[in-house]
Each structure stands twice: as structure tokens, then as C-alpha cells.
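Comments concern the structure below.
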Amino acid sequence: ASGALKGLSLDLNGTSNFANTVTIQTSTDAMLNFRTTDDSWAYMQFQSSSGDRIAYIGIDNDINRLILNATENGANEIELNTTTVDINANVDISGTTTFNDNVTIIQDKKLIFDSSDTAIYANTDNPEDLYIEADEDMYLRPDDNLVIAHGTTNYVTFKGDERELSITGDISASGVVTTTHITASGNISASGNIFGHSASFDSRVGIGVKDPDAKLEIVSDGDSSATK
């Protein structure tokens, strides 16, 4: 390569090899410029000792996209070691993404599936409420039980293998409840009617009374009858 030192600049034509570290020191903000003469590809590449390209960083053929590529001749990973990576743009990921730590989504921002009508998000309340929304149906498919808990206390269990619903506490319904079998350790109450072909009870039954004194006690408009 040929070159000339002109004042505070060095012009080189052709390939240049440096056998040692190159240090550029200047008070100018743009310390190093890469300029293309054909408005096409412009990149800096990294080669092995045999001259094979391993990675490159530069501008694509349309000179409108910066590419950081490490996929050639054994290269298969790009590692960023820092405290925070700040990206002020949308991120388009075409491969599988793995997170080795927590992922935080701020309040009122959604994890969207296909459309904004199908999403998971937390509102702006303090403490916040979690919303799970679906544009159509919602399927929950555990291999075994589905459990709903209040804090750390389980009170509703949908038993997968047994095909049963187990509830610890009261059951209340304002409409029609249709089922083949109900097991409850607490009270079952309804503001409407309860229909059934047959029923069996191991303890007392009250109609119009919450705590019956007999096996069957019926209270209606002040009248009471009981069967011991």
C-alpha cells in the first residue's frame, strides 16, 4: 500500500497491514470514518490467521441497515457484557429467546399474542391487578390439577385425573348450576333455584333456615316444620 502523511492526516491506498496496536487519538468527535465510493456494501471484517472471515460489522447493500454478523467459519455467538443494554426501538426476533433472569413489563403495558385483544398485563393500581384477555376462547391445559389460591392458601382445585371440582369454603350462584356431582366441605348457597333428580345428605338440611335443628327443617313465611 502507498500512503502519505499530510499534516495531521494519513491517506492510505490499498491494503495496509499493521503489526502492532493502532491507536487513534483526537479531540474530534468522529474519530474514524469509513466511506464508500459506490454507495453499496461497507463493512469492517474480522478474519482468522488463515484469512477466513469470521465476523463483520457494517452497512448492507442498500446502505440503510447496520449488520453485526458472527455466523461464518465457526462463529456462532455474540456476547454483550455490560450492566444495562438500552434499546430505544422495536426489537424483531426471528429465533428462540432465552432469559436467564427476571423479565419485567411495566404497568399498563401488554404482553400481546397476535392482536391487542389477546394479552396479559397489569393495570396502574397499587397494588396492581393482573388481566388475562382473549379475543375468543381461553384454554387452560395442565397435565394434572388446576389450582386457584388466595395468597398461599389453595381454595379451588380442578382435579384433572378425577374430573372433579373441589372448593374449600362456600359456593354461591345467581344462575343455574348443572353438574353430575358436587362435593363441598363448606356451604352451598344460591339466590335462585337448585334443581336435581336426587340428593343425599349426611347431616341436616334446612329450607328457609341457615342452621337447621333437625335432619330436615322447613321455614316459610313464619311457619316452621321439622323432621327429626
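Numbers here simply count residues along the sequence, with the first being 1. These numbers come from the heavy atoms of this one structure, side chains and all, not from hydrogens, waters or symmetry mates.
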Heavy atoms from other residues, nucleotides or ligands near CG of Asn64 exceed 12 (cutoff 6.0 Å): yes

Within one Ile-Leu-Val-Met-Phe-Trp-Tyr cluster: Ile24 and Met44, side-chain cutoff 4.5 Å: yes

Considering all heavy atoms, the nearest Ser166-Lys159 contact: CB-CE, 3.9 Å

Asn73 side chain to Ile54 backbone, donor-acceptor under 3.5 Å: no

Cluster overlap Trp41 with Phe34, hydrophobic side-chain contacts below 4.5 Å: no

Distance-only polar pair, side chains of Thr84 and Asp86, donor-acceptor under 3.5 Å: no

Separation of Tyr56 OH from Thr71 OG1 (nearest 0.5 Å): 7.0 Å

Ile106 side, atom CD1; Thr124 side, atom OG1 - distance, nearest 0.5 Å: 11.5 Å

Trace of the side-chain hydrogen bond (donor to acceptor under 3.5 Å, both in side chains) decision for Ser115 with Asp117: CA-CA 5 Å; Ser115 71; Asp117 294 324; 4.5 Å; no

Distance-minimising heavy-atom pair for Ser40 and Ile63: O-CG2, 3.1 Å

Nearest atoms (heavy-atom pairs only) where Asp52 meets Ser50: OD2-OG, 3.1 Å

Shared hydrophobic cluster, Ile105 / Ile112 (ILVMFWY, side-chain heavy atoms < 4.5 Å): no

Shortest non-hydrogen separation from Gly206 to Pro212 and the atoms involved: N-CG, 3.6 Å

Connected via hydrophobic side-chain network under 4.5 Å: Phe99 and Ile93: no

Heavy-atom side-chain contact between Tyr43 and Ile59 under 4.5 Å: no

Show every donor-acceptor pair shorter than 3.5 Å between a side-chain atom in residues 143-157 and any protein atom, with sequence neighbours excluded, or say none if there are none.
{"residue": "Asn145", "atom": "OD1", "partner": "Gly160", "partner atom": "N", "Å": "3.1"}

Residue of the set Lys110, Glu128, Lys109 for which side-chain contact (heavy atoms from CB on, under 4.5 Å) holds with Tyr121: Lys110

Donor-acceptor side-chain pairing of Asn123 and Asp125 below 3.5 angstrom: yes

Hphob cluster co-occupancy, Leu140 + Ile167, side-chain heavy atoms under 4.5 angstrom: yes

Where Asn100 and Thr98 come nearest, the two heavy atoms and their spacing: OD1-CG2, 3.9 Å

Closest approach of Arg53 to Glu72 (non-hydrogen atoms, all atoms of both residues): NH2-OE2, 2.9 Å

Donor-acceptor pair, side chain of Thr26 and main chain of Met31, under 3.5 angstrom: no

Distance (rounded to the nearest 0.5 Å) between Ile67 CD1 and Asp60 CG: 5.0 Å

Point-to-point distance, once rounded to the nearest 0.5 Å, from CD1 of Ile120 to CZ of Phe113: 4.5 Å

